[in-house]
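Below is one structure; the comments refer to it alone.
Each residue takes its place number in the sequence, starting with 1.
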Amino acid sequence: MAARTLVPLLLPGLLAAAVSTGCSGNNTSSAAPGKPQGPLALTKEQAQQVLTSFASGMNQAGLRFSGRTLRTVETDPQLTMDVAALKLRRAVRQRPPKVVFSHTTFYIPRLTGHPRWFAADAVSGKGKQALRHALLFTQASENAPWLLAADPYPSELALAHVALDPQGYATPVAPDVEDLAVAPAKLPKAHAALLTDGPRASGASVLADGAKTSETYKALKAGEKTLATRGVTLSSRFSPAEYKVYGLRTKDRGAVVWYVLKQNEAYSAAQRGKLAVSGDLVGLAPSTTARTRLDTTVLVQYLATIPPKGRATISGMYRKAVTAQGS
């Protein structure tokens with residue numbers, strides 16, 4: 001969050017810049033629930049307190065380049081990704097700016113036990129620097145702190161389609177629900193297959209073509225060819241990450257879903273000097289660590305919309321390299 005930056009960071013082998021962007025801030029208004037109906041349903045005011053406390057912690061973490069402070073307000077996968085982003089910030093000696101949230105709307109599901117969670121649609125920055133967020137906060141147990149677990153950046157108002165009951169509460173969607181075009185729990189595997197083997201891969205047809213599906217696959221393949229002309233071989237594979245899938249019902253009886261993929265990249269070159277720790281990898285390993293091989297691990301958060309029938313679309317993403325090892 002506060003560790004991220006709007007500076008474009010180009011990974012070796014990728015044609016498109018992987019953008020890591022800053023967030024965290026103060027308060028906002030919300031068109032969310034009022035009087036709770038269940039013992040575990042938060043009020044809008046309680047959700048706002050969580051967001052405000054989170055913002056304060058993130059600003060402290062950014063000011064001090066403190067991974068320890070990040071751990072007081074975040075949990076994985078967000079924590080691992082933002083710790084890596086903070087290492088980059090520290091390496092380039094650039095503190096993140098203080099960011100204030102605005103235009104916030106909370107989406108709070110009724111739950112029967114822990115872990116509890118809720119989502120928030122919010123905007124950080126102004127003008128050309130404005131960035132929309134789809135924050136997801138979780139609480140592991142009754143006395144545990146509320147921590148940010150995910151924050152993909154939606155390219156559209158995906159959360160605005162979430163259905164609310166008369167009291168203003170959202171409805172959670174189980175990962176294995178069967179009344180959608182694809183069960184949320186099956187979407188990560190399908191998405192990973194598409195990005196690894198293309199739109200014709202087994203199960204990939206549940207996803208619509210787009211910038212974060214078929215076009216990403218094409219860009220990766222083009223990047224591999226470009227690197228090959230420079231004497232570098234790239235192998236890239238995606239797989240579902242071991243994190244929970246979260247979902248909320250939409251007004252059309254579909255669902256908006258948060259999930260995470262892991263990308264493993266392996267770069268190799270016959271000649272020294274062809275590889276370098278640069279771009280999004282800065283801070284993860286010494287700049288001289290890559291001689292003839294470089295292995296990286298990347299986490300990618302996604303926000304997807306699944307209709308009752310048809311194909312799922314991807315409306316949000318946050319991508320960050322989290323490890324780099326060279327030899």
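- Using a 3.5 Å distance cut-off with no hydrogens or angles, the side chains of Ser53 and Gln49 do not pair a donor with an acceptor.
- Side-chain atoms of Val245 and Pro188, non-hydrogen and from C-beta on, do get closer than 4.5 Å to each other.
- Put simply, CG on Leu303 and CD1 on Ile314 are 8.0 Å apart, with the number rounded to the nearest 0.5 Å.
- Closest of all the heavy-atom pairs between Ala158 and Ser315 is CB-OG, 3.4 Å.
- Side chain of Lys320 to backbone of Val83: no donor-acceptor contact under 3.5 angstrom is found.
- A chain of hydrophobic side-chain contacts below 4.5 Å, direct or via other Ile, Leu, Val, Met, Phe, Trp or Tyr residues, connects Val277 to Leu227.
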Working note: Thr323 + Leu284, criterion side chain to side chain contact (heavy atoms under 4.5 Å, CB included); need CA distance, chi angles, decisive distance, verdict. CA-CA 6 Å; Thr323 68; Leu284 298 180; 5.7 Å; no
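- The structure places OG of Ser235 at 7.5 Å from CZ of Arg237, a figure rounded to the nearest 0.5 Å.
- In summary, Asp176 and Lys186 do not engage in a salt bridge, as defined by a charged side-chain N under 4.0 Å from a carboxylate O.
- With Ser155 contributing its side chain and Gly316 its backbone, the two residues share no donor-acceptor pair below 3.5 Å.
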Show, in sequence, the C-alpha distance, side-chain angles and deciding distance for Lys262 and Glu242, and conclude whether the side chain to side chain contact (heavy atoms under 4.5 Å, CB included) test is met. CA-CA 9 Å; Lys262 180 171 67 173; Glu242 297 297 321; over 6 Å; no
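- In this structure, the side chains of Val73 and Leu148 stay at 4.5 Å or more apart for every pair of heavy atoms.
- A donor-acceptor pair is defined here as one N or O able to donate and one able to accept, closer than 3.5 Å; such a pair exists between the side chain of Arg89 and the backbone of Arg95.
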Could you go step by step and tell me if Tyr302 and His191 meet the ring pair (Phe, Tyr, Trp, His ring centres under 6.0 Å) rule? CA-CA 10 Å; Tyr302 287 101; His191 199 171; 4.3 Å; yes
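- Counting heavy atoms from C-beta on, the side chains of Asp295 and Asn264 never come closer than 4.5 Å.
- Nearest heavy atoms, Tyr217 versus Thr196: CE1-O, 3.7 Å.
- In this structure, a donor-acceptor pair under 3.5 Å is present between the side chains of Gln139 and His114.
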Pair Leu70, Met58 - check side chain to side chain contact (heavy atoms under 4.5 Å, CB included), show working. CA-CA 6 Å; Leu70 278 178; Met58 294 310 300; 3.1 Å; yes
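- For Thr80 (side chain) and Asp76 (main-chain N/O), no donor-acceptor pair under 3.5 Å exists by modelled atom type.
- At distances below 3.5 Å, not a single donor-acceptor pair connects side-chain atoms of Thr75 with backbone N or O atoms of Ala149.
- A 6.0 Å sphere centred on CD of Gln325 holds no more than 12 heavy atoms belonging to other residues, nucleotides or ligands.
- Side-chain N/O atoms of Glu265 and Gln263 include a donor and acceptor closer than 3.5 Å.
- Within the 4.5 Å cutoff, the side chain of Thr171 has no heavy atoms near those of the Arg110 side chain.
- A salt bridge is defined here as a Lys NZ or Arg NE, NH1 or NH2 lying under 4.0 Å from an Asp or Glu carboxylate O, and Lys218 with Asp209 fails to meet this definition.
- A heavy-atom distance below 4.5 Å is not found between the side chains of Arg319 and Gln301.
- Separation of atoms CG (Leu294) and CG (Leu281) is listed at 6.0 Å; rounding is to 0.5 Å.
- When every heavy atom of Leu180 is checked against every heavy atom of Ala255, the shortest pair comes out as CD1-CB, 3.8 Å.
- Each of Trp146, Trp117, Phe54 was evaluated against Phe137; a single residue qualifies, Phe54, per the ring pair (Phe, Tyr, Trp, His ring centres under 6.0 Å) test.
- Side-chain contact check for Val298 versus Val322: every heavy-atom pair is 4.5 Å or farther apart.
- Between the Gln46 side chain and the Thr43 main chain, a donor and an acceptor come within less than 3.5 Å of each other.
- For NZ of Lys221, the number of neighbouring non-hydrogen atoms (other residues, nucleotides, ligands) closer than 6.0 Å is greater than 12.
- Residues passing the salt bridge (charged side-chain N to carboxylate O under 4.0 Å, His left out) test with Asp252, sequence neighbours excluded: none.
- Remark: Phe106 CZ to Leu135 CG distance equals 9.0 Å, nearest 0.5 Å.
- To the nearest 0.5 Å, the span separating OG1 on Thr233 from CZ on Arg293 amounts to 10.0 Å.
- Between Leu195 and Thr216, some side-chain heavy-atom pair lies under the 4.5 Å cut-off.
- Counting heavy atoms from C-beta outward, Pro109 and Tyr169 have side chains that stay 4.5 Å or more apart.
- Hydrophobic clustering (ILVMFWY, side-chain heavy atoms < 4.5 Å, transitive): Leu136 and Leu147 are in distinct clusters.
- Scanning both residues, Ala181 and Gly310, for their nearest heavy atoms gives CB-O, 3.2 Å.
- Residues Pro152 and Pro154 come closest through the heavy atom pair O-CD, 3.2 Å.
- Across every non-hydrogen atom of Ser202 and Ala193, the tightest pair is O-CB, 3.9 Å.
- Side-chain contact, Gln60 with Ser66: no donor N or O sits under 3.5 Å from an acceptor N or O.
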Assess whether side chain to side chain contact (heavy atoms under 4.5 Å, CB included) is satisfied between Asp121 and Tyr107, documenting all intermediate values. CA-CA 8 Å; Asp121 181 299; Tyr107 297 92; 4.0 Å; yes
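- Under a 3.5 Å cut-off, the side chain of Arg253 and the backbone N or O of Arg249 do not form any donor-acceptor pair.
- The distance from atom NE2 of His133 to atom CZ of Phe101, rounded to the nearest 0.5 Å, is 5.0 Å.
- One hydrophobic cluster, built from ILVMFWY side chains closer than 4.5 Å, holds both Val206 and Val300.
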